[in-house]
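Notes to accompany the following structure.
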Protein chains: 2
Amino acid sequence: MRADTGERRRDAERTRTELLDVATEEFADRGYSGARVDEIAARTRTTKRMIYYYFGGKEQLYLAVLERAYAEIRAAERTADVGHLDPVAAVRRLAEVTFDHHEAHPAFIKLVGVENAQQAKHMNHVARLVDLNSSAVDLLREVLDRGHDEGLFRADVDALDVHMMISSFCFFRVANRHTWGALFDRDLLDPQRREHYRTMLGDLVTGYLRK
Amino acid sequence: MRADTGERRRDAERTRTELLDVATEEFADRGYSGARVDEIAARTRTTKRMIYYYFGGKEQLYLAVLERAYAEIRAAERTADVGHLDPVAAVRRLAEVTFDHHEAHPAFIKLVGVENAQQAKHMNHVARLVDLNSSAVDLLREVLDRGHDEGLFRADVDALDVHMMISSFCFFRVANRHTWGALFDRDLLDPQRREHYRTMLGDLVTGYLRK
DNA sequence: TTTCTAATGTACGAACTGGTACGTTAGTTA
DNA sequence: TAACTAACGTACCAGTTCGTACATTAGAAA
């Protein structure tokens, strides 16, 4: 096995990864039916034939893209360490992790949109995805419980609802930036406004939770 | 001109409207490239030829669909009468109008997603759309000013930010219901949870605005 | 070196899809 | 009722796109 100098002529792993990388962008940008198998292949070192060799077809390639994208995102979420923070700061921190994450992964956001456009019918075929997604909410639930025990938070809040509240804000900002820009002439991803929105999200969530 | 009995053999207006109705569903469900001109025509009384006769082509048909969808939504928004309500109740009412509206028009939500997937490039060609969209925010701004004058609301809030906050919650609930259902086994549009979310949105916004 | 197979490349086809050429008819107007 | 035009229908084409049959080769194993 030679070192990864980028000059190898045959490398199954690299060919697979390269196809996934390009396919992620292509599916995210053009949707499932809009993505072109020929176009994906053309953007790699390899040929269309390899898509069928490694994945079986367009649909299975899309499935592989989706699964990898979710796996990456949940791995990132697990890095948040909020055990040492007081409940209010911890909630703020968790919201910020989601905020940062959505902003840094526009392709993932687009894929979620693509998948919803198809009634998540592909996602249902990837059972593994469901397992991956509980951790984020579990972490949030612990913090909410702690906040309630300390008399800081309301009792009647559901962790999944709070997660939805956070996600919707972060998702919208990235997903709808183009129509928002066209209709209101405001760039939601303008770096100058970033801190403003990040703070706003924290205020929003903690304001809702406070007794 | 005969009465509209639905039995007319020739009726330009009806043919046009029928094409728009079907095309709205088709574009919303399958995206721009996913939608099939043949399929749209097949679902109407008329033939594909009429799409080219009345609209010119697939793209112009999509444009007409988009323009009509936005025109309808803004017309609905203008019905909200909040002049007689106190600022807190008025903000709550405006949020509820958006909430109800998004829920009642899933095809519109999908079209917004489709348009964002294409970087809103079509929307930019429909200048008329921009004019339509200021009214909703203007109304909100008046209420926020009134709330601030009465010492109820914070001073440093931007109406467009609040509009975004409201929109993101309402949009997410409808747009991402499928992936949310698959990943967390929760139906965001469950009628039994509707009042809960409607109230939650009001709490969220008024909680953020309060001094 | 020889053998073997995973990995890769080429060329092509069948089905689909947006668009159009051309012919027909309903209903109005003179 | 004769002429005219907006509205409509049919049949087809040209380009695209997913998928595959078949040939080839790099590199490991014997």
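From a predicted model like this one, the values you see are computed outputs, not experimental measurements.
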Query raised in the report: Are any of A:Thr46's side-chain N or O atoms less than 4.0 Å away from OP1 or OP2 of C:dG9?
Result: yes
Report summary line: Taken to the nearest whole Å, CG/B:Leu19 to C1'/C:dG18 is 15 Å
Query - B:Tyr54 side-chain N/O to D:dC8 phosphate OP1/OP2 under 4.0 Å - result: yes
Requested in this report: Go through D:dA6, D:dT10, D:dT17 for me and flag the one nearest to the B:Thr47 side chain.
Outcome: D:dT10
Query raised in the report: Looking at side-chain heavy atoms only, is the closest gap between B:Ile40 and B:Leu61 below 4.5 Å?
Result: yes
Query raised in the report: Rounding to a whole Å, what distance do you find between B:Arg36:CZ and C:dT17:P?
Result: 4 Å
Report summary line: Taken to the nearest whole Å, CE/B:Met50 to C1'/C:dG18 is 16 Å
**Report entry** Heavy-atom check, side chain of A:Phe153 versus side chain of A:Leu144, under 4.5 Å
**Finding:** yes
Requested in this report: Could you tell me the separation between the CD1 atom of A:Ile40 and the C1' atom of D:dT17, rounded to a whole number of Å?
Outcome: 12 Å
Report summary line: Rounded to whole Å, OH of A:Tyr62 lies from P of D:dC18 at a distance of 15 Å
Query raised in the report: Any donor-acceptor pair under 3.5 Å linking the side chain of A:Lys58 with the backbone of A:Ile51?
Result: no
Query raised in the report: Considering only heavy atoms and no angle criterion, is a donor-acceptor pair shorter than 3.5 Å present between the side chain of A:Lys48 and the base of D:dG19?
Result: yes
Query raised in the report: Relative to each other, are the rings of B:Tyr62 and B:His122 parallel, tilted or perpendicular (30° and 60° limits)?
Result: perpendicular
Query raised in the report: Base, sugar-phosphate, or nothing for B:Ala41, non-hydrogen atoms under 4.0 angstrom?
Result: nothing
Report summary line: Whole-Å distance, B:Glu39 CD to C:dG18 P, equals 11 Å
Query - Short side-chain N/O contact to D:dT20 OP1/OP2 from A:Tyr52, under 4.0 Å - result: no
Query - Heavy-atom pair of closest approach, residues B:Arg186 and A:Asp158 - result: NH1-OD2, 2.6 Å
Query raised in the report: D:dC8 phosphate, OP1 or OP2: any side-chain N/O from B:Thr15 under 4.0 angstrom?
Result: yes
Query raised in the report: Taking atom P of D:dA11 as reference, at what distance in whole Å does atom CZ of B:Arg49 sit?
Result: 15 Å
Requested in this report: Using atom CD1 of A:Ile51 as one end and atom C1' of D:dT20 as the other, report the distance to the nearest whole Å.
Outcome: 14 Å
